[in-house]
There are 2 protein chains.
Amino acid sequence: MTTEARRILIEAAQELYAANGVAATTPREVLARSGVGQGSLYHHFPSKRDLAAAAVAQTVDDTLGSATATLHGPAEPQLRITDYLERPRAATAGCRVGRLTADPVVMGDDTLRGEVSRYFTELIELVAQAFAEQGLDAAAARDRATTAVAVIQGGYVLSRALDDDTAMRSAVRGLLELLGAEA
Amino acid sequence: MTTEARRILIEAAQELYAANGVAATTPREVLARSGVGQGSLYHHFPSKRDLAAAAVAQTVDDTLGSATATLHGPAEPQLRITDYLERPRAATAGCRVGRLTADPVVMGDDTLRGEVSRYFTELIELVAQAFAEQGLDAAAARDRATTAVAVIQGGYVLSRALDDDTAMRSAVRGLLELLGAEA
DNA sequence: GTCTATAGAGAGATAGAC
DNA sequence: GTCTATCTCTCTATAGAC
């Protein structure tokens with residue numbers, strides 16, 4: 001299987017990046033977790049950054065796909081937004097994409113940075129569309145979408161810092177209260 | 001000056017951590033930036049973690065002190081909250097404390113984790129007090145404070161990801177709009 | 001396409017003189 | 001308390017056989 005080792009390596013890298021980030025993940029760890037040999041790794045991915053580019057792009061695609069399923073669905077816009085905000089999350093683990101903004105290897109590489117940027121650009125756009133469908137003008141919808149995405153990202157930071165899932169829930173509850181009060 | 005080298009080392013470490021995080025900052029870099037010799041570093045801080053503990057504690061104290069000045073001041077609670085949210089920030093650089101939640105060295109050390117936890121515990125409490133003074137009950141004030149701090153932390157993540165200060169401003173504008181609409 | 005062996009650089013830390 | 005020299009370990013990557 002020419003492409004099998006490649007896929008296994010990407011999966012192993014995704015899991016390790018989620019746990020420790022890109023910079024702190026060594027080729028040796030990826031080899032150990034994947035069960036693939038050293039020769040294979042460097043055959044498929046000549047450098048650590050090549051592997052990171054493939055694995056991070058995959059994580060962004062996975063995560064965006066699942067967000068799109070919720071936010072671009074058939075339900076009422078308000079319900080789609082609420083579903084997105086209340087979705088179950090492993091909050092104390094942090095966001096797999098958001099955490100990369102603190103990763104020196106990611107931020108030092110244009111390709112990797114671009115993936116992270118793409119994720120948030122598209123995510124904010126998805127949320128903004130839902131708010132616009134509720135009747136907000138484009139600028140207000142964009143601000144509110146940025147606020148909503150920031151609450152989730154900040155919720156991850158706080159849950160991780162406090163080692164407590166309830167911080168995410170508290171942040172979301174506070175936002176929903178404000179959104180509800182306005183309606 | 002027995003304590004002078006120590007202070008200089010902590011300052012250099014704080015700056016390097018703000019730029020690259022703790023894990024990616026090497027003792028050699030701290031030496032180069034501080035101008036202090038290797039013997040001094042290992043005299044004052046037997047290990048990398050000892051230096052990190054001192055520098056991170058200092059950063060938390062600095063940052064909390066400045067937040068307290070705004071949030072615990074003499075002005076009306078609403079104005080204090082607005083001042084805090086709109087305070088000028090180097091948003092694309094990320095939060096010096098929040099970014100540490102993605103740092104494997106910090107998260108792998110109980111002392112360092114404790115400092116990050118202390119920061120957000122106290123910050124949320126400060127903001128919650130201001131909301132409580134506005135008449136919210138304790139639970140609602142706490143949720144709303146968590147939301148507000150999450151918006152700032154998320155704003156940092158988004159600004160850094162998009163390499164654009166305006167993401168932070170947009171997130172704050174969206175929150176202020178909701179807070180204003182409710183009043 | 002995968003293997004084993006190994007190179008070169010830099011990491012974190014220690015030794016011992018001053 | 002600070003200096004220079006150096007140690008050991010791991011990192012990322014390469015070489016060359018199969």
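So that the names make sense, note that chain A is the first sequence line, chain B the second, and so on, each numbered from 1.
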In whole angstrom, what separates [X]'s [atom1] from [N]'s [atom2]?
X      : N       : atom1 : atom2 : value
L31(A) : dT14(D) : CG    : C1'   : 14 Å
F45(A) : dG1(C)  : CZ    : C1'   : 14 Å
L9(B)  : dG1(D)  : CG    : P     : 13 Å
R6(A)  : dT2(C)  : CZ    : P     : 12 Å
L51(A) : dT12(D) : CG    : P     : 11 Å

message = So, does H43(A) get its side chain near the phosphate of dG1(C), meaning an N or O under 4.0 Å from OP1 or OP2?
response =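 So the side chain of H43(A) is within the cut-off, an N or O lying under 4.0 Å from OP1 or OP2 of dG1(C).
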
Notebook entry, point to check: If only side-chain N and O atoms of H44(A) are considered, is one of them under 4.0 Å from the OP1 or OP2 phosphate oxygen of dT2(C)?
Noted result: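 For H44(A), the contact criterion (side-chain N or O under 4.0 Å from OP1 or OP2 of dT2(C)) is met.
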
Who are the side-chain contact (heavy atoms from CB on, under 4.5 Å) partners of [X], not counting sequence neighbours?
X       : value
I124(A) : R142(A), A145(A), T146(A), V149(A), L158(B), L162(B)
F45(B)  : R6(B), L9(B), I10(B), L41(B), D50(B), L51(B), A54(B)
R160(A) : R99(A), T101(B), M107(B)
D83(A)  : T70(A), L79(A)

Would you list the protein and nucleotides 12-18 of chain C atom pairs, both N or O, that sit under 3.5 Å from each other?
from	atom 1	to	atom 2	distance (Å)
dG12(C)	OP1	K48(B)	NZ	2.6
dG12(C)	OP2	P27(B)	N	3.2
dG12(C)	N7	R28(B)	NH1	3.4
dA13(C)	OP2	K48(B)	N	2.9
dA13(C)	N7	Y42(B)	OH	3.2
dA13(C)	N6	Q38(B)	NE2	2.3

- Residues in side chain to side chain donor-acceptor pair (under 3.5 Å) contact with D165(B), at least two apart in sequence or another chain: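 For D165(B), no residue satisfies side chain to side chain donor-acceptor pair (under 3.5 Å) once neighbours in sequence are set aside.
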
Yes or no on side chain to side chain contact (heavy atoms under 4.5 Å, CB included) for L178(A) and L175(B), after CA distance, side-chain angles and deciding distance? CA-CA 9 Å; L178(A) 287 168; L175(B) 177 62; 3.9 Å; yes

